[in-house]
Structure formats: C-alpha cells, structure tokens
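Chain A is the first sequence line, chain B the second, and so forth, proteins listed ahead of strands; every chain is numbered from 1. All values derive from a computational prediction rather than experimental measurement.
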Amino acid sequence: MAEDVKDLELMEKIVSLCKRRGIIFPSSEIYGGINGFWDYGPYGSRMKRAVEALWWKEMVETRDNVEGLDSTIICHPRVWAASGHLEQFSDLMVDCKKCKTRYRVDQMEDPTTCANCKSQDLTEPREFNLMMKTFVGPVFDEEHTAWLRAETCQPIFVDFHSVRVATRQKLPFGIAQIGKAFRNEINPRNFTFRSREFTQMEMEFFCEDGDSMEWFEYWKEQRIKYYKEKLGFKDDFFRIYVHEKLAHYAKAAIDIEVKFPFGWGELEGVHHRGTWDLTRHSEFSGQDLSYMDHDNGRKVMPTVVETSVGLDRTILALLANGYTEEKAATAKEDMEEDTRVLLKLPARVAPIQVAVLPQSKKLKEGAYNLYKDIDRFFRSEYDETASIGKRYRRQDEIGTPYCVTFDFDSAEDNAVTVRDRDTMLQERVNVTQLRSYLEGKIGF
RNA sequence: GCGAGUGUAGCUCAGUUGGUAGAGCAUCACGUUGCCAACGUGAUUGUCGUCGGUUCGAUUCCGAUCACUCGCUCCA
C-alpha cells in the first residue's frame, strides 16, 4: 500500500519534470488541452529521435535481410476491411440509463432490456469506432470516407509485393517501419502510455511456416537483448508475458512488459501472425501475395513473425526507469545535504549527451569554442549561467550523462574535466582525446 | 462512457465568509563566487482551466464544458 502511494507520486513527479523541462507536455494546452494527445518538447523530441534512430539502426541498417518502409497514414479504405479493423473496431453499443451498464447490441439477448437491472430505459444504439475517420477529397460523404491507420503494420503487408520485387529479397526477410498510428481510445490514461495518436516501430518478418517458430524465438531473443544491452533494462524492470489465448491463425505470442509507476504495462509484442494478413489482403485485393520459391518451384504464402514496439511507451519506460532522487552534498548554508534529481538515461538516447560548461563566465570564449567542436559529434548544450553546481544539477534533471567543464587551467594545459552524472566523479581529459574518450563512454 | 476527486505564476502550493491575488522554487539582470541546487540587490510572470448565469461587483456562489488523477469499463 505504501508503495502504491509512492508510485503515484513518482508518476506525478515524472509528468511535472517533463512539463517543466520541455520533455513532454499536453497538446494544445492554451486551448485547455485535448484528451489523449501529447507533444514532445525540445528535449523530448531529441530523445524520441534518438530512440527511433537506435531502433532503426538495430533493426534495419545493421541487417541485410530487413528493409525499411515509410508508408502513408491514410490508405485505401479496403485495407481496414481486410485487416478486420472495420469490423472489430466498430460496434453498435447501448447504455442502460439506470445502472449505466454498456452492451454491444449484437451480443444482447433482448436488445430492449438491460440484462443487469431489467430496465428498458436504454440509450439509442450508438456506433463506437476505435478508428479515426476522415474524408478524402472535398466531399464529405460515405463514399469518400477513409481512416487513419490504426497500426503501422498493415501498409507493410499491403506493400509486401512491391518491396520484395524492388529489393530482390528472398524468404526469409523483414520489412520495418516507424510511424504514427491513431486509435480513438475510449479512455486515454496514464500519461503517454495510452494515447490517441502514437508512434509505432514495427517489423514484419516473412518466412516459411516450417521455420516460423525458430524465427519467433530468434526475434524474441533479439528484442530482449536490445532492451538489456541498448536501453539498460535490468531484470526486475521488465518481464515476458506469454499469451495463452491465441488468435486462431497464430502459433505463439509474447509481450515484453515493463514496470511502470502505475503497474506492469506492455511495451512490445512479439507475435506469430501466421499467414493471416497476407491471405486476407490477397482475398480483398484480388492480388496474389504468395511467394514463388524459384529454388524448388514451390509457391507459399509467407508466415509472419512481428515485433511491434510503442515508441512513446519506450520513452515513458526510460523516464520511469531513470527517474532517481538521492541525497547529495550541497554548498548551501545550513544544509549538509540536499536532494538531487537525476534521470539515469542510457547515454545513447539522452536528449543531451554532453554539456559544455565554463567554470566561470570569464572563460566563456574557450568553453564556447570547445562546445562548437563537440557539438558536431554529440547532442550537446552550452550553459554559462549561475554557479557550476547549479548547472550540473540542471543537466542531471534531463539525464545528461557527461558534463565537460572548461576551467582556469584548461587554456594552459589543454585539458578539461568530465563529470559523470551518476557518480558525480570527475576525470581530467586532454582536449585532443576528448572526442574518443566520450565516444568510448557513450556508445552507439 | 459511468462514478469520485482536482484545476490559482514555468513547477509545488497558500489565499480571498463575493470587492479582480501571494509564497517558495524556477527564470532574467547586475554584483559577488572558482567544481556540485552558494550569496546579495533588483526584475519579469497570472485572462484564479474555459464559457455562461446570479450580483453594483465573481477567482470565490450556481450551471455547463474542457483537461488531469483514481476506481469501473475498454484495451481489436
């Protein structure tokens, strides 16, 4: 119980820090905000791009058998008929005005009576659709209705044939994409964890059905390794949830879950999707999306193993995992120690990787020149205001792993001190070695 | 979507039994200081979430609405 209260406080602190330091804030706030939408500020957008770049490098650039794609958000409406979203995302619902129970009309035994309280005082059936609707062209009617994609993977299936032909890839191979997806969530909750506009990073891997479970295990291991090695997740911070109920076409599914302040939540799914998606798009489009294996003359419908990450949830997980308060020495009068707030973010995704600070404003010229050199290689920031200690703490709050201080000896000995965020220890480094020193620390 | 709570400066909050607001921190300037939120002086910041009603007058009372938090529901 006590821990729950602490976790609620933690969430509030994270939201407050994000707002105050320009990491994440409510969308359209001057108009009162809009439920389920969040903006990434100057530091948040840097972090988001860093995570995107890390995933893209990990999943696409370093692999010969995964290709990239950047498809449109609005697709032909039939795409969503084929995927099942139009059917499954759209239900006629009625509410009982008396006991407030909600029913799907098609699941009610008697559509005029509430099964719970037997009241007949029900609302008119109303359509609940989790897909966002828009219109293509200037005429707003049913014929011109289109939908914002509810997931980024469907356009991957739709473009499967084009990508394969263009790249001459043979099975097995994957197609990856990062992009926005939209869902009219009934109840957006928990900061950016469940929002109505969000970014997904998805990879669909196409293989022979006989090999599909091997690939499933492979991608599962790859993704776990990524979280441990690239994002620094410890064993007690994440867990694997194994789905017991599977879709009829799937052979396996796991979720990688993370310990958020509000409880365990899904961060990524590694799902076996069978031949379902390509089969459906073949049926609905009339185009045969099966694969001809020229080595043995066999034609197969590829089986799909998917890795699907929520980017916004990744950012939130990094913030939750990294938020730390600890006692630290202070030079303030009458106080022996003070609370230090820091974000322990992995250096490779920190919004600012290196802050360059003159020990005094008198040293601004040398420090600024050093900053301009460093800025080309790392996400960097220069700050000369207030005391050096205050600037360290400012950088701690946004998770800057290294502060480079240009001091009164620097001009003479051509060396600076590098201060570590987590240990607060300093090391003196020659300026000519600084870039390689930091590269060794930060990693890519 | 239902229920409860909350909404005052960038953040955390106080306050006004109805007469249009304050603190700490933050921010900025100057001085001082030379490695962990130092100090001094001064300064900036609010349509008191929004709209409407009652009132001579509303941040305060009433209604609606928006947003956030929690519980329920939902999570293909």
With Lys259(A) as the cation and Phe237(A) as the aromatic partner, state whether NZ or CZ is under 6.0 Å from the six-membered ring centre and within 45° of the axis.
no
Base, sugar-phosphate or nothing for Gly41(A)? Non-hydrogen atoms, less than 4.0 Å.
nothing
Can you find an N or O donor on one side and an acceptor on the other, under 3.5 Å apart, linking the side chain of Gln426(A) with the base of C35(B)?
yes
Decide salt bridge (Lys or Arg N to Asp or Glu O under 4.0 Å) for Asp373(A) and Arg435(A); before the verdict, give the C-alpha distance in whole Å, the side-chain angles of both, and the deciding distance to 0.1 Å.
CA-CA 9 Å; Asp373(A) 284 341; Arg435(A) 181 185 165 190; over 6 Å; no
Looking at the side chain of Glu397(A), which of U27(B), C35(B), A37(B) is the nearest nucleotide?
A37(B)
Candidates C36(B), C70(B), U73(B) - which lies nearest the side chain of Asn190(A):
C70(B)
Below 4.0 angstrom from OP1 or OP2 of G34(B), is there any side-chain N or O of Lys390(A)?
no
Describe the nucleic acid contact of Glu151(A) in one word from base, sugar-phosphate, nothing, applying a heavy-atom distance below 4.0 Å.
base
Rounded to whole Å, the CZ-C1' distance (Arg189(A) to G5(B)) equals 12 Å
For Arg419(A), which contact category applies under a 4.0 Å heavy-atom criterion: base, sugar-phosphate, or nothing?
base
Under 3.5 Å donor-acceptor pair, Asp407(A) side-chain atoms to C35(B) base atoms:
yes
May I have the distance from Arg196(A) (atom CZ) to A67(B) (atom P), rounded to whole angstrom?
8 Å
Nearest to side-chain heavy atoms of Met424(A), which nucleotide of C36(B), G34(B), C11(B)
C36(B)
Quick note, Ser16(A) side chain, CB onward, closest among C11(B), C72(B), A26(B) is C11(B)
Grab the CZ-P distance between Arg313(A) and C75(B) for me, whole Å please.
14 Å
Give a yes/no verdict on base stacking between G34(B) and Phe408(A): centres under 5.5 Å, planes within less than 30° of parallel.
yes
The answer to which of Lys19(A) and Thr417(A) contacts RNA chain B further toward the 5' end, by nearest nucleotide, is Lys19(A)
With a 3.5 Å cut-off and just heavy-atom distances, do the side chain of Lys362(A) and the base of G34(B) make a donor-acceptor pair?
yes
Given C35(B), G10(B), C68(B), which nucleotide is nearest the side-chain atoms of Asn35(A)?
C68(B)
Assign Tyr31(A) to base, sugar-phosphate, or nothing according to its heavy-atom contacts below 4.0 angstrom with the strands shown.
nothing
Distance in angstrom units between Glu384(A) CD and A29(B) C1', rounded:
13 Å
Work out which heavy atom in Met131(A) is nearest to a heavy atom in Trp80(A); give both atom names and the distance.
CE-CB, 3.5 Å
Side chain of Asn187(A) only, heavy atoms from C-beta on: which candidate in C72(B), A37(B), A38(B) is closest?
C72(B)
Judged by modelled atom types alone, do Tyr382(A) and Glu384(A) share a side-chain donor-acceptor pair under 3.5 Å?
yes
Proximal nucleotide (of A38(B), C11(B), C36(B)) relative to the Tyr392(A) side chain:
C36(B)
Closest to the Arg194(A) side chain, choosing from C75(B), C28(B), A37(B):
C75(B)
Given Arg419(A), Lys390(A), Lys344(A), the one that forms salt bridge (charged side-chain N to carboxylate O under 4.0 Å, His left out) with Asp396(A)
Arg419(A)
Could you check Glu29(A) against Gly389(A) and say which one's nearest nucleotide on RNA chain B is further toward the 5' end?
Glu29(A)
